[in-house]
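Residue indices begin at 1 and follow the sequence shown. Note that the structure is a prediction, hence the values are computed from the model and not measured.
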Amino acid sequence: MSLLRQRVLLPSPLEPAVPRRAARLPAACDLLAPLLYMWLCTGLIASLLFPPLRGSDPLIGWWPFWLLLWPASSMALLAWCRRQRAQRPR
């Protein structure tokens with residue numbers, strides 16, 4: 001067990017003491033992009049198949065905004081943030 005502990009469980013003195021999880025954390029845009037894409041596709045299909053979703057509701061508001069325009073504008077904003085993050089010097 002001591003050989004296993006020295007080789008696997010304890011960090012090497014040559015390695016930095018950085019947790020492996022902190023090495024590459026996903027950004028918010030990496031996590032939100034698939035969700036927004038699914039939201040946009042589902043909203044497009046729902047607005048095409050169900051004509052009442054093309055109007056407005058007193059509680060929700062204008063349905064096409066929440067089903068189509070909001071996810072599309074959020075995806076455009078995330079693409080802009082990705083571009084800015086890629087151009088930022090490290």
Side-chain angles (χ1 to χ4, degrees):
M1 180 66 183
S2 64
L3 181 61
L4 176 68
R5 176 172 287 173
Q6 288 176 350
R7 298 238 179 213
V8 177
L9 299 177
L10 295 177
S12 169
L14 300 176
E15 293 179 18
V18 176
R20 292 180 188 175
R21 289 182 291 170
R24 171 70 174 111
L25 292 174
C29 57
D30 297 334
L31 299 174
L32 284 177
L35 175 71
L36 288 172
Y37 181 74
M38 290 299 295
W39 187 325
L40 181 66
C41 291
T42 305
L44 180 65
I45 292 170
S47 65
L48 289 175
L49 293 179
F50 302 109
L53 292 179
R54 297 179 199 154
S56 65
D57 185 57
L59 183 63
I60 302 295
W62 192 47
W63 279 103
F65 171 78
W66 293 111
L67 295 176
L68 301 171
L69 295 177
W70 182 79
S73 62
S74 297
M75 287 176 64
L77 182 65
L78 284 178
W80 180 76
C81 289
R82 278 184 180 168
R83 221 175 311 123
Q84 293 296 324
R85 191 178 58 172
Q87 292 176 356
R88 187 179 310 155
R90 296 188 184 238

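Across W70 and L36, no two heavy atoms sit closer than the pair CZ3-CD2, 3.8 Å. Taking all atoms of both residues into account, the shortest heavy-atom contact from W39 to P71 is CD1-CG, 3.7 Å. When all heavy atoms are compared, the tightest approach of G55 to W62 is O-CD1, 3.6 Å. Among all heavy-atom pairs drawn from L68 and S47, the shortest one is CD1-OG, 3.9 Å.
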Show your working on side chain to side chain contact (heavy atoms under 4.5 Å, CB included) between L44 and L48 and close with a plain yes or no.
CA-CA 6 Å; L44 180 65; L48 289 175; 4.3 Å; yes
Side chain to side chain contact (heavy atoms under 4.5 Å, CB included) between L35 and L32: does it pass, once the steps are laid out?
CA-CA 5 Å; L35 175 71; L32 284 177; 4.2 Å; yes
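Surrounding CZ of F50 are at most 12 heavy atoms belonging to other residues, nucleotides or ligands under 6.0 Å away.
Note on L31: it does not cluster hydrophobically with L77, by side-chain heavy-atom contacts below 4.5 Å among ILVMFWY residues. Placement of W80 and L40 in two distinct hydrophobic clusters is found when ILVMFWY residues are connected by side-chain heavy-atom separations under 4.5 Å, directly or transitively.
Distance OG/S73 to CG/L78: 9.5 Å, rounded to 0.5 Å. One finds the CD1 atom of I45 at 12.5 Å from the CG atom of L53 (value rounded to the nearest 0.5 Å).
Pairs of residues two or more places apart, or lying in two chains, never qualify as salt bridge (Lys or Arg N to Asp or Glu O under 4.0 Å) while including a residue from residues 51-64.
Clustering of Ile, Leu, Val, Met, Phe, Trp and Tyr by side-chain heavy atoms under 4.5 Å joins M38 with none of the others.
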